[in-house]
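Reminder, nothing fancy here: chain letters follow the sequence lines and each chain counts from 1. These numbers come from the heavy atoms of this one structure, side chains and all, not from hydrogens, waters or symmetry mates.
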There are 2 protein chains.
Amino acid sequence: MSQVSRQVARRSAPPRRRTARRRAATTEAIVERIATAIAEHRLPPGTKLGEEALGEIFGVSRTKARQALHRLATDKLVTLLPHRGAFVAQPTVLEAREVFEARRVLEPAVVARFVDVATPDQIETLLEHHAREQAAIATNDARAAQRLLGWFHVLIAEMAGNRVLADVLRELVMRSSLITLLYQTTADSRRSSEEHRELIAHIEKREVEQAVELATRHLERVEAGLALREPSSEVVDLKSALAAAGAG
Amino acid sequence: MSQVSRQVARRSAPPRRRTARRRAATTEAIVERIATAIAEHRLPPGTKLGEEALGEIFGVSRTKARQALHRLATDKLVTLLPHRGAFVAQPTVLEAREVFEARRVLEPAVVARFVDVATPDQIETLLEHHAREQAAIATNDARAAQRLLGWFHVLIAEMAGNRVLADVLRELVMRSSLITLLYQTTADSRRSSEEHRELIAHIEKREVEQAVELATRHLERVEAGLALREPSSEVVDLKSALAAAGAG
DNA sequence: GATTACTTTTTTGTATACAATAGAGCGAGC
DNA sequence: GCTCGCTCTATTGTATACAAAAAAGTAATC
């Protein structure tokens with residue numbers, strides 16, 4: 001697994017206070033910050049996440065930075081290589097397929113559950129979220145769009161009222177954002193957001209069948225937009241590439 | 001949430017070597033040991049898990065013990081109370097219902113997948129496992145029986161070939177063992193093991209419909225054997241209990 | 001005698017120090 | 001010229017030291 005040799009830029013700290021950021025950040029907060037940075041691909045896959053560097057950035061010691069990295073590793077957002085450190089994960093094609101298969105199992109069930117219990121307030125919240133999706137798309141803010149499109153699924157899961165399912169799905173959606181980042185060919189955000197709107201309509205009308213069916217199709221379409229073929233045996237590629245390169 | 005004030009017994013260490021156990025245990029090993037101890041209810045819910053004590057037992061420093069406890073906490077097998085420490089988790093009734101609902105979503109899908117891909121070798125492994133279940137039941141080894149009955153489900157998930165689903169299910173099965181511990185009324189191990197045997201038969205004959213149906217029924221029956229009613233508002237109980245107690 | 005405030009002790013949370021491993025840089029040898 | 005092996009450096013893994021918080025114990029007051 002070739003890791004990109006990129007480093008998080010630690011601004012050469014003018015030692016202003018005792019801590020770089022205002023207050024001792026909680027581990028939770030650090031995890032959150034790094035996770036969203038990964039999800040919005042401000043930290044591309046393969047990026048080395050040094051403990052020292054992160055500690056400096058968040059104004060904490062290596063202890064906390066390390067804790068955060070280990071928690072991100074259990075969520076599969078970073079890969080830990082023994083004695084080598086933490087890197088933003090690079091999900092394999094197999095992993096990608098497995099994540100989406102799991103989502104195709106969970107999400108229809110979650111949607112079905114939600115259709116039963118959805119309140120007008122919750123529908124309203126979903127519509128507001130959808131409006132934000134549209135706004136992000138309209139302003140060509142790809143990062144925000146991607147984040148919001150993913151979060152829509154988590155939102156429904158949380159509203160459906162089963163914390164266990166919601167937690168699992170949140171993890172899968174986060175991983176999915178890494179996956180789409182690596183393998184997405186055509187990011188048809190507009191289409192996705194439209195389907196979200198449709199789904200809300202079905203939920204509002206308590207049309208379980210249609211809602212479940214749409215959720216499934218939606219996921220299939222998203223997955224179909226990925227280029228999930230094996231990365232054609234990197235070693236061979238490397239060799240031929242070098243042969244052709246010459247005096248590059 | 002009232003925590004039982006029980007303590008892990010730290011044998012008053014005669015400082016034999018540098019480490020209590022033979023070699024520096026890996027965090028993974030410690031997690032595993034504690035997890036199985038919980039699953040087999042050698043560590044009952046509410047038991048305090050002190051960092052120092054665990055460190056002594058496994059011959060490591062608090063650092064590793066702490067790491068292990070935090071990882072167990074993410075699996076929901078222990079509860080962390082800030083500045084108070086780690087306790088063996090006491091899943092609530094709500095949590096129990098949610099875990100089983102999640103399993104009812106996942107397991108039929110896993111079984112369906114497995115029916116498609118099952119090899120004779122895998123069937124053989126399942127039969128061997130079933131034999132071990134029977135042996136444990138025959139010798140009245142309730143702990144082993146409970147552990148094996150749970151692990152059967154994990155085994156199928158792992159064989160089904162989707163690592164994501166398998167990981168999620170493993171976590172849920174572990175939590176389930178805590179739940180059955182707390183809420184189980186009638187532990188009909190014999191019946192469960194019989195259903196496992198039936199399921200293997202369906203899988204072997206590639207009878208998807210029946211296999212999925214049985215998996216669902218099996219889970220429903222297990223859940224039905226739990227007393228998942230709210231623990232009648234502890235405060236009130238406490239009050240009346242004390243009034244009645246008098247000179248106990 | 002029970003309750004409250006204070007002190008002591010224990011345990012967790014965090015930072016730092018030390019040990020061990022991997023990688024880079026550099027030189028010698030074929 | 002390339003490879004092999006050494007040293008040196010940088011980073012991770014682990015233990016310990018210190019700080020902070022909660023619990024337990026104790027004394028004083030009503």
Side-chain angles (χ1 to χ4, degrees), chain A residues 1-10 12-13 15 17-31 34 46-74 78-88 242, chain B residues 1-10 12-13 15 17-31 46-74 78-88 242 247:
Chain A
M1 188 186 293
S2 70
Q3 299 288 356
V4 175
S5 67
R6 194 174 334 214
Q7 275 275 125
V8 292
R10 95 183 77 170
S12 52
R17 253 183 257 97
R18 177 70 183 64
T19 57
R21 288 192 70 82
R22 49 169 81 184
R23 188 176 281 274
T26 71
T27 303
E28 194 56 49
I30 298 173
V31 169
I34 299 176
T47 305
K48 167 86 188 253
L49 300 171
E51 298 177 355
E52 186 86 40
L54 290 175
E56 233 171 82
I57 289 168
F58 291 103
V60 295
S61 75
R62 270 182 58 212
T63 307
K64 272 192 175 179
R66 189 179 170 79
Q67 272 187 347
L69 288 173
H70 278 252
R71 291 195 37 184
L72 288 164
T74 69
V78 320
T79 304
L80 293 177
L81 302 178
H83 290 283
R84 307 245 330 250
F87 302 83
V88 176
L242 288 174
Chain B
M1 189 184 294
S2 71
Q3 297 290 354
V4 175
S5 68
R6 194 174 330 214
Q7 275 274 124
V8 292
R10 95 183 77 171
S12 53
R17 251 183 259 98
R18 179 66 184 65
T19 56
R21 289 193 70 80
R22 47 169 82 185
R23 190 175 280 274
T26 70
T27 303
E28 193 57 49
I30 297 174
V31 169
T47 305
K48 167 86 188 257
L49 301 172
E51 298 177 355
E52 187 85 37
L54 290 175
E56 234 170 83
I57 289 168
F58 291 104
V60 295
S61 75
R62 271 181 57 212
T63 308
K64 271 191 176 180
R66 188 180 172 79
Q67 272 187 346
L69 288 173
H70 279 254
R71 290 196 36 185
L72 288 164
T74 68
V78 320
T79 304
L80 293 177
L81 301 179
H83 290 284
R84 308 247 332 251
F87 301 84
V88 177
L242 287 175

*Residues from residues 63-73 of chain B sitting under 4.0 Å of DNA chain D, heavy atoms only?*
T63(B), K64(B)
Atom [atom1] of [X] and atom [atom2] of [Y]: how far apart are they, to the nearest 0.5 Å?
| X | Y | atom1 | atom2 | result |
| --- | --- | --- | --- | --- |
| L54(B) | I30(B) | CG | CD1 | 8.0 Å |
| R84(B) | K48(B) | CZ | NZ | 8.0 Å |
| T27(B) | H70(A) | OG1 | NE2 | 8.0 Å |
| I34(A) | T47(A) | CD1 | OG1 | 11.5 Å |

Taking all non-hydrogen atoms of both residues, which atom of [X] and which atom of [Y] are closest, and how far apart?
| X | Y | result |
| --- | --- | --- |
| F87(B) | G46(B) | CD2-O, 3.5 Å |
| G55(A) | A65(A) | N-CB, 3.9 Å |
| L69(B) | V78(B) | O-CG2, 3.5 Å |

In whole Å, I'd like the distance from the [atom1] atom of [X] to the [atom2] atom of [N].
| X | N | atom1 | atom2 | answer |
| --- | --- | --- | --- | --- |
| L81(A) | dT12(D) | CG | P | 11 Å |
| E52(B) | dT16(D) | CD | P | 10 Å |
| E56(B) | dT16(D) | CD | P | 12 Å |
| L49(B) | dT12(C) | CG | P | 10 Å |

*At under 4.0 Å, does any side-chain N or O of K48(B) touch on OP1 or OP2 of dT12(C)?*
yes
*Going 5' to 3' along nucleotides 18-24 of chain C, which nucleotides have protein heavy atoms under 4.0 Å from the base (write B), which only from the sugar-phosphate (write S), and which from neither (write -)?*
---SSS-
*R62(B) pairs by side chain to side chain donor-acceptor pair (under 3.5 Å) with which of E51(B), E52(B), Q67(B)?*
E51(B)
